[in-house]
Amino acid sequence: MSLEAQGLCKRFGPLLAVDHVSFSVADGGSLGLVGESGSGKTTIARIVAGLERADGGSVRVDGTDRGVHVRGRAARLARARQVQMVFQDPYLSLDPRLTTVETLTEVIALHDGGTRVARRERVDELLDQVGLGDREAAALPRQLSGGQRQRVAIARALAARPRLLILDEAVAALDVSIQAQILNLLADIRTQTGIGYLFVSHDLAVVRYVTDHVAVMYRGRVVERGQTAAVLAAPRHPYTQLLLASVPRPGWDPTAVAQARRALQANNASEEPS
Amino acid sequence: MTAVNTAAPELVRRRLGGRLRGAAAGGWLYLVAAGLLAIVVLVAVLADVVAPADPLAVSLSDTLAPAGPDHLLGGDQSGRDTLSRLLHGARSSLLGPLAVVVASTATGILLGVWAAWRGGLVDWLVSRSMELVFAFPGLLLAILAVALVGPGLTAPVIAMAIAYTPYIARLVRAAASQEAAKPYIAAYRVQGFSGLAVNARHLLPNIFPVVLAQTTLNFGYALMDLAALSYLGFGVQPPSPDWGTMIKENQAAMLEGAFLPSVAPGVCIVVVVVAFTIVGEGIADRVARREAA
Amino acid sequence: MNVLEVDGLTVVLPGGSHRPLVDGIALRIGAGEVVGLVGESGSGKSVTARSALGLFPARSRVTGSVRVAGTEVVGLAGEALRRLRAEQAAMIFQDPRASINPLRRVGDFLTEAVRTNRGWARARSRDRVVELLGEVGIADPGAAMRRYPHQFSGGMLQRVMIAAALAVDPMLLLADEPTTALDVSTQAEIVAILLRLQAERGMGMLFVTHDLELAASICHRIAVMYAGRIVEEQPADRLFRAPRHPYTQGLLAATPTLPSATGGAVQASGRLVPISGRPLSLTDTPPGCAFAPRCPRAIALCTATAPDLHSSGAERVACHRADESVGAGG
Amino acid sequence: MSAVAGVSRFVAGRLVSLVLTLLATSFLVFSAIHVAPGDPESFLLRGRGVSPEALAAVRTQYHLDEPLPVQYWRWLSGVLTGDFGRSLQFRQDVGGLLAARLPTTLWLVGYATVLIVVAGVLFGALAALRPGPVDTTIMVGSTVAAATPSFVAVIGLSAVFAVTLDLFPTFGNGEGFADRLWHLTLPAVALALSTVGLLARVTRSAMLAELGREHVEVARARGIPPGTVVRRHVLRNALGPITVLTGLIVAGMFVLTAIVETAFGLSGLGSLLVQAVTAKDFPVVQAISLLVVVAFMVINLLVDLVHPLIDPRMGRHDSRVLP
């Protein structure tokens with residue numbers, strides 16, 4: 001299966017947050033959607049997930065339009081099995097009253113039904129897949145660390161057996177040592193299950209480790225796209241170049257970056273006086 | 001918006017310190033208040049058994065009798081036993097507010113969640129009608145009801161249930177919108193759960209403690225308002241015992257130096273309302289602590 | 001002369017069941033020097049930075065010594081502490097939006113310190129602040145001063161914070177994750193401004209961050225913290241090239257990098273090397289090295305006794321096995 | 001500038017919604033007679049001789065022969081010109097009755113408001129700034145005060161200050177400024193007591209919330225003197241919730257005067273309302289209800305208009321939370 005987004009538009013008041021954005025994710029592929037705050041990347045993620053309605057354009061999964069309003073349980077579940085989502089903040093993305101097992105069981109009961117034993121087996125399978133043990137299985141979210149919560153959130157998303165997983169800044173709130181664990185986990189899951197990723201991030205270095213293709217967003221538009229390695233090695237659009245130059249490293253010259261940013265902004269301001 | 005990783009440590013510390021103090025001080029106070037309320041409820045239920053005398057038995061020889069072995073809290077204007085009247089009076093004094101908070105909380109939750117979840121026109125309609133009701137203070141609406149229907153508890157209770165609804169509905173709407181914006185609710189929607197299921201199983205249980213805290217506080221307010229109505233002669237009608245009515249009946253006796261018949265029901269009202277305040281704030285504190293954790 | 005000298009700083013919370021927030025910190029910053037303090041959340045880096053202003057957690061027990069330009073901060077209170085904060089050291093915080101009173105004009109915030117602490121007249125403090133706003137790159141400072149914080153972007157507010165910090169001509173500037181809440185290209189601008197002003201004024205700067213690469217690219221020296229202790233300190237380029245402590249090595253290997261970077265932390269498969277396990281919580285109090293449970297090179301000694309911070313030349317390392325192999329671990 | 005446009009749009013919006021709410025509430029108050037059991041005429045004339053003249057008078061006063069919207073419109077235009085109809089009990093103009101009673105009630109509410117704001121904010125601020133015994137004492141006191149309804153306060157206050165100590169009168173309005181003040185002191189305290197407690201608690205928690213904010217810590221870190229921090233950042237920022245609550249309290253007090261005025265034998269609007277309800281004098285009940293609702297809405301409008309002066313981020317949130 002594949003995801004096709006065509007000419008997506010979304011306006012919030014006077015702000016055109018998403019401006020004719022198109023992209024596709026191949027079956028089992030992984031697309032990085034990169035940009036800074038306000039670039040429209042999270043809005044796109046929410047549109048694809050069905051949490052937000054686009055003002056224009058379409059999102060198709062294997063040819064079926066996700067923009068159509070669905071009624072009824074079967075249609076809802078079918079949509080849920082197309083796309084699932086993992087959110088940025090591990091502290092707010094789990095119901096605080098439910099243990100890990102309860103959280104997962106509820107989703108499995110909805111999608112698989114099955115006997116208690118079968119559900120429990122599936123829970124164990126998922127816990128195993130994301131690397132959580134018995135202690136974490138019985139714990140409430142507040143008893144878990146940020147990294148563990150994010151593993152629970154990933155397991156919950158996988159419970160519906162989706163074909164595509166949207167990861168919205170899914171590692172941004174984690175400490176570096178934990179972030180690496182989750183990034184590796186995500187790579188493993190993709191290898192094992194053949195699931196596709198739409199990986200939304202502000203961090204080019206992180207995107208490099210989980211995506212094959214990347215689309216760079218700036219002010220609601222995609223300004224550059226291509227294979228991740230190629231874009232990172234030889235960025236063509238000045239904004240992509242700025243983004244890459246902004247990442248600190250030894251020998252880094254913040255003054256030059258600041259100048260480049262001002263130049264880009266001045267350039268943009270002269271193009272569209274708003 | 002959440003800060004990326006480090007909260008200011010001094011702030012964390014203050015919260016932690018507050019929690020420890022809260023557990024020590026709020027803990028036992030909360031238990032005492034809850035215990036007291038349980039006793040009051042028990043007394044109200046068992047008033048026939050525990051009351052030493054008939055609350056309606058008039059005895060002119062005991063008029064304004066001082067406290068003593070015959071009448072532990074003395075006699076009132078008509079020589080009725082003050083203690084027995086207090087114990088029986090707990091019934092109407094608690095039942096009225098109970099009806100008010102149950103009805104207003106149920107309606108408020110329904111309207112608030114509905115407005116927050118649906119947004120748009122529904123939200124606008126609910127918010128505007130709540131604003132309309134909000135302009136009528138509870139006591140005024142109750143007095144209006146009495147003016148239309150005549151004295152008694154029923155009309156004021158209905159009127160006050162209506163008047164209290166906006167407070168709950170606003171609170172629920174705000175809490176539910178805030179909760180609905182959290183990613184875990186979005187996650188359940190993406191999972192394919194119906195709106196009803198998400199609300200009933202996840203959103204409501206998570207905001208319920210906040211509502212419960214407000215409801216408990218409202219019980220105290222409703223008790224004061226209904227007692228005030230009885231005091232004005234619009235609520236519970238004499239000779240039925242009620243704390244508000246008792247104060248009205250025996251106010252004149254104060255000028256003769258007989259404080260007990262009117263002061264005792266006053267003390268009962270204050271103590272019960274204080275207990276409701278402590279329990280309500282105890283619940284609110286627990287919520288705050290859970291959020292901070 | 002050192003603008004900051006920290007020795008044996010230990011901060012313990014009341015209650016007793018916790019390990020110290022920071023434990024035996026020693027740190028020096030000379031005039032004109034930029035020192036990085038790197039660590040993950042809960043490592044104690046913010047507590048250390050705040051100690052220079054006497055901002056200790058309420059009711060905590062503080063031992064050791066913190067001297068700012070020769071003035072001892074531990075035990076300092078009242079007017080003397082206020083003067084130190086008003087004249088010697090200034091701080092920039094992570095979230096500028098939370099740091100500025102949202103109900104008052106930006107101009108009030110900027111001039112408040114010089115007006116209340118130095119008794120400057122309105123016109124004089126205004127002139128000073130206008131000049132500073134120009135230095136941090138805010139166009140039309142006069143108009144900016146009349147606006148409210150919510151009318152600025154995060155990057156602009158952080159510039160306002162910097163201008164406010166510099167208004168009192170501090171000798172020591174404490175920057176606590178000043179760019180964490182900002183976009184990456186904005187981060188470059190803020191860092192550029194900070195470094196330029198720091199160099200022009202010869203201030204000492206403590207730069208607190210969780211980003212080792214950022215610290216490595218702008219600091220002279222870096223101290224790495226883990227679970228309330230400094231585990232390693234080296235000149236920035238050396239730390240980046242030849243980390244001595246397994247935690248620093250692990251941190252570098254776990255950090256995603258761009259292809260142009262020469263870090264060499266990426267293996268052929270394009271995978272990161274994470275540090276296993278998770279950071280200590282405040283209630284964990286292991287007897288030995290705090291990093292031992294996650295350390296690939298831990299031996300029995302590591303879980304039994306905590307290593308001291310040994311210095312040799314410009315570097316300091318707290319690891320029992322630091323001398324056995326230099327460079328990449330394992 | 002857009003800020004000015006924003007403010008005027010905000011004010012205009014508030015005014016429009018005030019007018020709409022006024023229309024709706026006055027309609028509710030007017031049409032109440034149709035909700036009451038029985039037909040409006042007999043409801044209005046309960047317990048009085050149903051002479052043809054009385055019946056006719058009531059029908060004219062309420063325009064009962066016409067369709068409801070027209071009835072309402074005629075009644076409303078009367079009210080707008082000060083014609084509230086005739087009292088069935090006193091057989092005189094309701095407008096005149098109200099005018100005679102209004103000063104006492106305004107005095108009482110004004111007096112109590114001063115007490116509430118001064119004592120409530122003072123105690124609340126003290127509790128927030130002095131943790132320990134001071135805080136605990138004030139918290140206990142304000143909890144008990146907040147739980148004391150005005151009629152219970154009347155009992156307590158009369159017992160102590162009037163009967164036992166004989167310091168204050170328990171009856172009458174008083175003549176002239178000083179005498180009035182003296183006569184109204186106990187009623188005003190009784191009216192204020194419970195809300196002083198409430199305001200003290202809200203002031204305390206609003207200030208504690210501000211004390212915990214990062215910008216307050218930053219101000220301290222910049223060496224700003226403690227007194228200045230409290231004044232400019234803590235108290236200043238806590239004013240929002242304090243103002244909102246004060247508005248609600250003052251607006252709600254007009255009904256509470258019914259209790260206090262009755263208890264102390266003051267002839268104000270509140271005691272008139274009680275008399276009118278008892279005497280089934282509905283035109284008076286209607287007029288006073290309308291006045292109370294209007295007072296409530298006007299005071300809340302004032303608070304809404306003042307709020308942007310306190311918080312420049314106005315319109316971003318509506319922070320009325322307390323009953």
Side-chain angles (χ1 to χ4, degrees), chain B residues 8 10-11 14-15 25 128-129 131-132 134-141 143-144 146-151 164 166-167 170-171 174 214 217-218 220-221 223-225 227-228 231-234 244 247-248 251 254-255 257 259 262-263 265-267 269-278 281, chain D residues 17 20-22 24-25 28-29 32-33 35-37 43 136 143-144 146-156 158-159 162-163 170 194 211-214 217 251-252 254-256 258-259 262-263 273-274 276-278 280-282 285-286 288-289 292-293 296-297 300 318 320-323:
Chain B
E10 184 158 331
L11 307 185
R14 193 174 293 131
R15 230 184 273 147
R128 291 297 85 76
S129 40
E131 233 161 64
L132 203 62
F134 191 72
F136 290 87
L139 202 56
L140 177 69
L141 212 56
I143 291 176
L144 257 175
V146 170
L148 291 174
V149 181
Y164 275 48
Y167 293 103
R170 274 165 180 250
L171 177 78
Q214 184 64 52
L217 292 175
N218 279 1
Y221 292 120
L223 195 154
M224 291 200 283
D225 279 354
Y231 171 82
L232 291 176
F234 298 156
I247 294 178
K248 180 192 173 65
Q251 200 180 348
M254 268 202 348
L255 298 175
F259 293 150
S262 52
V263 170
V267 170
I269 291 173
V270 174
V271 167
V272 170
V273 175
V274 165
F276 272 111
T277 312
I278 292 171
E281 295 200 337
Chain D
S17 87
L20 290 179
T21 320
L22 270 178
T25 44
L28 287 180
V29 170
I33 46 168
V35 181
F43 165 72
T136 312
T143 308
V144 173
T148 309
S150 43
F151 61 96
V152 175
V154 167
I155 302 296
S158 329
V163 179
T170 55
S194 125
L211 276 169
R213 294 221 197 288
E214 204 171 312
E217 197 191 4
F254 281 95
V255 197
L256 291 180
I259 297 157
T262 307
L273 176 64
V274 175
V277 171
T278 314
K280 295 166 181 156
D281 189 356
F282 201 72
V285 174
Q286 224 167 15
I288 295 177
S289 302
V292 170
V293 171
F296 190 91
M297 285 192 290
N300 271 309
D318 186 358
R320 280 181 294 203
V321 280
L322 267 143

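Every value quoted in this text rests on a predicted model; they were computed, and no experiment measured them. Each chain gets a letter, A, B and so on, in the order the sequences are listed, and its residues count up from 1.
- For Leu273(D), the part lying near chain B is the side chain, with the backbone staying farther off; criterion is any non-hydrogen pair under 4.5 Å.
- Ser262(B) touches chain D through backbone and side chain together, each having a heavy atom under 4.5 Å away.
- Contact record, Val274(B) with Thr143(D): CG2-O, 3.9 Å, taken as the closest heavy-atom pair.
- In this structure, CZ on Arg128(B) lies 7.0 Å from OG on Ser17(D), to the nearest 0.5 angstrom.
- Contact annotation for Val274(D): both backbone and side-chain heavy atoms come within less than 4.5 Å of a heavy atom of chain B.
- In this structure, CG in Leu232(B) is found 8.5 Å from CZ in Phe151(D), a value given to the nearest 0.5 Å.
- If you measure heavy-atom distances from Ala263(D) to chain B, the contacts under 4.5 Å come from both the backbone and the side chain.
- Note: Phe134(B) and Phe296(D) have perpendicular aromatic rings, judged against thresholds of 30 and 60 degrees for the angle between ring planes.
- Residue Ala174(B): no heavy atom, backbone or side chain, is found under 4.5 Å from chain D.
- Taking the side chain as every heavy atom from C-beta outward, Leu140(B) and Phe254(D) never approach each other to under 4.5 Å.
- Chosen from Thr262(D), Val285(D), Ile259(D), the residue pairing most often with chain B at heavy-atom distances under 4.5 Å is Ile259(D).
- Among all heavy-atom pairs drawn from Ala147(D) and Met224(B), the shortest one is O-SD, 3.6 Å.
- For the set Tyr231(B), Phe276(B), Phe259(B), the count of heavy-atom pairs under 4.5 angstrom toward chain D peaks at Tyr231(B).
- Residues Phe234(B) and Thr278(D) are in side-chain contact: their nearest non-hydrogen atoms beyond the backbone lie under 4.5 Å apart.
- Summarising the geometry, atom CD belonging to Gln286(D) is positioned 9.0 Å from atom CG belonging to Leu148(B); distances are rounded to the nearest 0.5 Å.
- With a threshold of 4.5 angstrom between heavy atoms, Leu28(D) approaches chain B through side-chain atoms but not through N, CA, C or O.
- Closest of all the heavy-atom pairs between Ser158(D) and Met254(B) is CB-CE, 3.6 Å.
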